[in-house]
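Written below as structure tokens is the structure these notes are about.
In what follows, every heavy atom counts, from backbone to side chain, and hydrogens, waters and symmetry copies are set aside. Position 1 is the first residue of the sequence; numbering continues from there.
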Amino acid sequence: MTTPTPIPLGYPGAQPFATASYPGLAGRVVLNTGAGSGIGRAMAHAFARHGARLMLLDIDQAALEQTCAQLQQAFPGVEVDIVQASIADDEAVERACAATEARFGRIDILLNNAGISMNKPSLELTPAEWRRAIDIDLSGVFYCAQAAGRRMASQGGGVILSTASIWGLSSSANRLAYCAAKAGVVSLTKCLAAEWAQHRIRVNAICPGYTHTALMDDLMARGVINGAELCGKTPMNRLGRPEEMAEAALYLASDAAAFITGHALVSDGGWLAQGY
Ligand SMILES: NC(=O)c1ccc[n+]([C@@H]2O[C@H](COP(=O)([O-])OP(=O)(O)OC[C@H]3O[C@@H](n4cnc5c(N)ncnc54)[C@H](O)[C@@H]3O)[C@@H](O)[C@H]2O)c1
């Protein structure tokens, strides 16, 4: 196994992290997928800090329990529950949405965030690997959007926020399935925004650049990517922080973004602007 590339810890060059406040998020019911790790876990913390009520969804029960325990410790009195499901299973997604409704009465905000990476030369990509990436990273996002969207439409509105990627707006060798799925998420975001504005549902996406999460650690450990090289290619010369992606999610989910729909917000330290 390749030795993991050391990541520049402490995010050199980053300013101390300052957060905004969105009082309107208090009491909102949030269904947060991929909440067991990384960006999803950071989103759970950020929305709990704002007094939202949270249903955490992940395929990994132990990770879910860990996020839940963290929230209960950090935010005493937080209303939080967990549901284990794979977003690639449309029936499990429907059951998870029903469980959220049963527990909290409604779904105001869907953080449609769970996803996997898929890095492989296209000549070697197997049909099973292609299907796995598309099933989770694209179809899973659709199943969650549709199941939550139906409830939002009947309750008179809501917000859907999907985690796409810079690779949904750009392209790269050896990432065909991931790029195609994430480009699909950006397209789905725009289609649903146009279609569901009549139901007062706003639909947006965030497009993170390379962000220091377990997904990245795994790719670095397997030698698929080189952290130091990625930092060097990023104009801000560092990786993103999960908390920074959560901050973008807070804004887009809040009423401060009331007229924003169909948008894919890039948070990448200048990666796309640089043109790689
Ligand atoms: N980390 C990055 O650099 C980066 C960059 C751009 C986009 N993203 C996207 O951000 C999202 C979160 O990524 P992360 O870096 O936090 O990854 P992560 O691996 O740290 O967390 C992903 C979570 O999703 C869960 N998950 C995986 N498959 C699932 C399934 N079928 N059903 C339910 N849950 C499932 C995992 O168990 C995990 O808890 C993903 O959609 C990813 O593509 C990440």
Side-chain angles (χ1 to χ4, degrees), residues 1-5 31-41 56-64 67 82-97 110-149 160 162-189 191-192 205-227 230 242 245 264:
M1 165 131 89
T2 323
T3 311
T5 311
L31 174 58
N32 179 2
T33 78
S37 176
I39 294 171
R41 177 174 279 176
L56 310 177
L57 182 153
D58 205 287
I59 199 169
D60 183 337
Q61 176 78 16
L64 266 181
T67 303
I82 60 176
V83 58
Q84 184 188 24
S86 170
I87 60 164
D89 177 345
D90 58 308
E91 291 177 2
V93 166
E94 175 54 34
R95 284 195 297 274
C97 285
L110 168 66
L111 300 175
N112 209 359
N113 164 78
I116 57 161
S117 66
M118 187 57 73
N119 298 43
K120 203 160 182 191
S122 301
L123 292 177
E124 295 164 21
L125 188 71
T126 67
E129 288 166 334
W130 166 266
R131 277 194 296 270
R132 180 168 148 73
I134 299 298
D135 284 354
I136 297 174
D137 288 343
L138 179 56
S139 300
V141 167
F142 167 64
Y143 300 146
C144 292
Q146 190 187 49
I160 295 174
S162 301
T163 307
S165 168
I166 50 171
W167 297 124
L169 298 172
S170 185
S171 44
S172 165
N174 303 325
R175 284 191 185 83
L176 169 66
Y178 187 78
C179 290
K182 293 297 188 179
V185 171
V186 172
S187 179
L188 170 152
T189 296
C191 290
L192 293 183
I206 57 169
C207 295
Y210 286 102
T211 306
H212 194 187
T213 66
L215 185 146
M216 286 284 290
D217 281 334
D218 173 56
L219 292 175
M220 286 187 286
R222 289 193 283 121
V224 177
I225 58 171
N226 179 318
L230 293 179
M245 305 311 147

Minimal non-hydrogen separation, T33 against N113, with atom names
OG1-N, 2.8 Å

Non-hydrogen side-chain atoms of Y143 and I87 separated by less than 4.5 Å:
no

Check whether any side-chain heavy atom of L230 lies under 4.5 Å from a side-chain heavy atom of I225, and answer yes or no.
yes

What I'd like to find out is whether the side chain of L138 reaches to under 4.5 Å of the side chain of K182, using heavy atoms alone.
no

Report yes if some heavy atom in the side chain of N112 is under 4.5 Å from a heavy atom in the side chain of T163; otherwise report no.
no

Could you check whether any side-chain N or O of S122 sits under 3.5 Å from a backbone N or O of L176, counting only pairs where one atom can act as donor and the other as acceptor?
no

What distance do S37 atom OG and D58 atom CG have between them, rounded to the nearest 0.5 Å?
7.5 Å

How close do G209 and T211 get, heavy atom to heavy atom, and via which atoms?
O-OG1, 2.7 Å

Does any non-hydrogen side-chain atom of E129 lie less than 4.5 Å from one of K120?
yes

Could you tell me if the side chain of N174 sits less than 4.5 Å from the side chain of N119, heavy atoms only?
no

Take M118 and L125, measure what side chain to side chain contact (heavy atoms under 4.5 Å, CB included) needs, and give me the verdict at the end.
CA-CA 9 Å; M118 187 57 73; L125 188 71; 4.1 Å; yes

Please confirm whether the backbone N or O of G36 pairs with a side-chain atom of R41, one donor and one acceptor, at under 3.5 Å?
yes

Validation row: I166, P208 side chains within 4.5 angstrom (heavy atoms)
no

Distance check, rounded to the nearest 0.5 Å: M220 atom CE versus L215 atom CG?
10.0 Å

Would V83 and L57 count as a side chain to side chain contact (heavy atoms under 4.5 Å, CB included) here? Give the steps.
CA-CA 5 Å; V83 58; L57 182 153; 3.9 Å; yes

Let me confirm one number: the OG-CD1 distance from S86 to I136, rounded to the nearest 0.5 Å.
5.5 Å

Pairwise distance OG1(T213) to CG(D217) - rounded to 0.5 angstrom
7.0 Å

Output the distance between atom OG (S117) and atom CG (D218), rounded to the nearest 0.5 Å.
6.0 Å

Of the non-hydrogen atoms in A177 and A133, which two are nearest, and what is the gap between them?
CB-CB, 3.7 Å

Counting only N and O atoms by type, is there a donor-acceptor contact under 3.5 Å from the side chain of T189 to the main-chain atoms of S187?
no

Within the structure provided, determine whether V185 and F142 are in side-chain contact (heavy-atom separation under 4.5 Å).
no

Listed partners of D60 passing salt bridge (charged side-chain N to carboxylate O under 4.0 Å, His left out), at least two apart
none

Closer than 3.5 angstrom, by distance alone: can the side chain of T67 be matched with the main-chain N or O of A63 as a donor-acceptor pair?
yes

Look up atom CG in L111 and atom CE in M245, then write down how far apart they are to the nearest 0.5 Å.
14.5 Å

